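Just follow the structure's listing: the first ligand is 1, and inside any ligand the first atom is 1. Bear in mind the structure is a predicted one, so any value in this text is a computation, not a measurement.
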Amino acid sequence: MREWHLPVRVEALKVLVSGYQSWSEAELRPLTDVQARPAMAWRHDQGHDPGFLPSGLGGVWRSHTLIALVRGDGGGWVGGVLDATRTFAQWETRVEGDGVQVTRTLEGPEVPVVWEETADVTAAVEALAARLGRAMGARQPAPLRVWCSWYSYYRDVTLDAMLENARLARERGLPFDVFQLDDGFQADLGDWTRPAAHFGGHARDLPGPLRELGFTPGLWLAPFLVGPGSQLFAEHRDWLVRGPDGGPLPVGHNWGGPYPVLDTTHPDVLPWLRELTATARAWGYPYLKLDFLFGAALPGVRFDPTVGRADAYRRGLQGLRDGAGQDAFLLGCGAPLAQSIGLVDAMRTGPDVAPYWDDHTRRVWLGDGTAPSARAALHTSLSRWYQHAWYQPDPDVAICRRELSLLSAEERGTVAGMLDVIGGLRASSDPIRMLDEEGLNLLRRCLEVSRTDRPRTLTRSYGPAVTHFTRATFNLTDDWQDGQPPHSVRGPA
Ligand code: 9PG
């Protein structure tokens with residue numbers, strides 16, 4: 001552990017933090033604000049790092065890998081690490097006495113740490129992120145444009161729905177590169193090669209027709225998870241990370257209950273993981289969305305107790321990369337961020353988008369900012385703008401349809417503006433037949449690949465995030481700000 005004491009006026013400071021994994025919040029906040037901690041314990045495993053939770057306290061801010069303190073003049077302090085392959089770096093800033101106490105803890109092997117004062121926090125954060133990206137061999141492929149089944153069909157997706165959308169996308173001349181089948185095709189978590197009855201076919205039936213239509217086939221997997229009712233669970237109970245009681249460690253709560261996770265330090269698990277992605281590849285899927293990856297890094301009892309949890313995670317991810325091949329495109333999701341650099345091509349950098357602006361009750365009253373909403377996705381991805389140096393950022397899908405959506409035209413445009421500023425992967429989940437002329441035009445705009453933008457200031461923001469970019473200003477608050485309506489995006493003015 002290392003500590004620094006800064007004798008500064010805390011009222012004038014803001015703090016830039018980034019949560020542990022894709023779905024955890026990243027924020028830009030006055031240092032004296034409260035960092036929310038979800039009231040529900042199951043969110044601690046599934047949305048955060050249970051080994052280093054958000055503080056839940058006023059004036060105490062926790063961040064993973066990188067942190068920054070911003071003064072009113074745009075200068076301040078930046079902290080970060082230059083290696084995250086086997087180490088979690090945990091930063092905390094705490095208002096104490098007449099200043100700020102900064103603490104940095106490493107979980108895992110020692111790594112080079114940077115802590116510096118700077119006249120330009122934006123530039124220093126970008127430079128530090130770029131150094132980490134280079135040190136870990138960040139993969140930086142060209143942005144892809146992806147249609148994904150999740151945000152319209154959810155678990156009820158069928159082979160026919162996939163094919164109908166792919167055909168319509170081709171007919172309408174929509175410039176998608178990838179058509180990606182999401183959760184719902186499989187019999188159970190872990191039983192990836194057996195289809196779900198409702199799917200109306202097998203995942204391997206899809207790539208052929210998609211290729212004929214000119215699209216690259218993509219597939220979702222949650223490769224580390226094991227459904228408690230699955231064949232994998234019944235056959236390999238000894239492959240699971242265990243809890244303090246010796247039984248399988250519940251990793252989170254989804255799919256109607258808790259689910260365990262594979263222990264990547266068990267000698268039989270890595271070959272199984274390699275075979276899984278090799279199989280998906282052999283079915284014809286060079287694009288894989290690898291989801292719920294955080295599970296492999298949870299604190300728990302593992303087969304090999306000498307392997308740290310960051311290391312355990314990275315071994316698992318390496319196995320998935322080895323099976324898929326160097327030329328596969330891997331999108332990480334629900335994943336420890338920095339620990340994935342160099343192994344994934346793209347990474348979800350925020351919670352799920354939803355066809356509504358905010359989940360106010362869950363966010364404000366339950367302290368859970370990881371709940372799906374357009375606002376949460378914007379807020380988090382914008383505050384992680386610098387992570388384009390680590391992978392291609394995926395701020396999640398645009399929502400262009402008007403049916404089955406509560407988003408206003410203004411709010412749909414704000415999501416589109418965020419995609420432009422982030423300049424990463426472009427995705428949509430809208431059923432193509434639901435899009436009228438207006439919807440199709442917005443979708444075409446959302447699929448236009450762009451250059452990553454930079455913040456023009458971190459000292460001002462409209463909401464608890466980085467909102468002022470050189471090409472656009474976002475108002476994430478529920479009030480007008482300097483003549484700009486709530487939930488809107490505008491040119492720099
Ligand atoms: C499929 C979905 C989609 C989506 C992913 C992920 O914390 N949670 O309870 C939680 C549940 C689902 C979720 C994210 C968080 O969505 O982000 O794109 O692939 O899984 O099940």
Side-chain angles (χ1 to χ4, degrees), residues 19-25 37-50 53-54 146-157 162 178-190 192 196 198-199 203 218-227 250-259 261 280 285 287-295 297-298 330-337 340 344 346-355 359 362-363 366-374 376-378 380-381 393-399 415 424-430:
Y20 173 59
Q21 58 125 308
S22 306
W23 305 325
S24 331
E25 286 169 286
R37 171 188 287 195
M40 314 83 99
W42 63 275
R43 293 307 309 166
H44 296 176
D45 287 351
Q46 200 163 288
H48 297 280
D49 179 4
L53 288 171
V146 182
W147 190 90
C148 144
S149 60
W150 182 249
Y151 301 87
S152 298
Y153 296 92
Y154 298 97
R155 232 159 274 151
D156 298 329
V157 65
M162 287 298 297
V178 177
F179 254 71
Q180 180 244 311
L181 173 58
D182 214 280
D183 188 6
F185 67 90
Q186 76 284 2
D188 204 340
L189 298 169
W192 303 105
H198 75 264
F199 183 62
L219 186 68
W220 176 93
L221 297 167
F224 297 140
L225 301 191
V226 185
V251 171
H253 205 97
N254 204 26
W255 299 281
Y259 48 87
V261 66
Y285 293 100
Y287 177 103
L288 298 175
K289 174 176 173 183
L290 304 177
D291 205 353
F292 289 82
L293 295 183
F294 70 90
L298 284 184
L330 302 185
L331 164 64
C333 189
L337 298 167
S340 307
V344 297
M347 174 65 85
R348 258 290 277 293
T349 50
D352 289 15
V353 165
D359 188 341
R362 197 161 140 185
R363 176 170 65 84
L366 296 173
D368 182 17
T370 68
S373 75
L378 269 135
T380 301
S381 283
D394 168 22
D396 210 7
V397 297
I399 295 185
V415 176
L425 194 125
R426 300 313 168 90
S428 161
S429 234
D430 290 324

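Between the CG atom in L293 and the CD atom in Q21 there is a gap of 9.0 Å [rounded to 0.5 Å]. Put simply, CE on M40 and CG on L366 are 5.0 Å apart, with the number rounded to the nearest 0.5 Å.
Here the heavy atom of the protein found nearest to atom 20 (O) of ligand 1 is D291 OD2, 2.9 Å. Nearest protein heavy-atom contact of atom 8 (N) of ligand 1 is Q46 NE2, 2.7 Å. Here the protein heavy atom with the shortest distance to atom 14 (C) of ligand 1 is W23 CZ2, 3.3 Å.
At least one heavy atom of C333 sits less than 4.0 Å from an atom of ligand 1. F292 counts as a contact of ligand 1, since one of its heavy atoms falls under 4.0 Å from the ligand.
With respect to R363 and D368, no salt bridge is recorded, no charged nitrogen being found less than 4.0 Å from a carboxylate O.
Not a single N or O atom of D396, backbone or side chain, sits closer than 3.5 Å to an N or O atom of ligand 1. In terms of N/O distances under 3.5 Å, ligand 1 is not approached by R155. Not a single N or O atom of H253, backbone or side chain, sits closer than 3.5 Å to an N or O atom of ligand 1. For the pair W42 and ligand 1, the shortest N or O to N or O distance does not fall below 3.5 Å. Checking only distances, R43 does come within under 3.5 Å of ligand 1, N or O to N or O. In terms of polar-atom proximity, W255 is not counted as a contact of ligand 1, lacking any N or O under 3.5 Å from an N or O of the ligand.
Q186 pairs by the side-chain hydrogen bond (donor to acceptor under 3.5 Å, both in side chains) definition with D183, not counting sequence neighbours.
Ring to ring, Y287 and W220 are not that close: their centroids are 6.0 angstrom or more apart.
With a heavy-atom cut-off of 4.0 Å, P351 does not touch ligand 1 at all.
Contact of the Y151 side chain with the D352 side chain is registered, since non-hydrogen atoms from C-beta on lie closer than 4.5 Å.
When the heavy atoms of D352, T370, D368 are ranked by distance to atom 16 (O) of ligand 1, first place goes to D352.
One side chain, T349 or S381, offers a donor N or O that lies under 3.5 Å from an acceptor on the other.
Judged by distance alone, the side chain of R37 and the main-chain N or O of P54 form a donor-acceptor pair under 3.5 Å.
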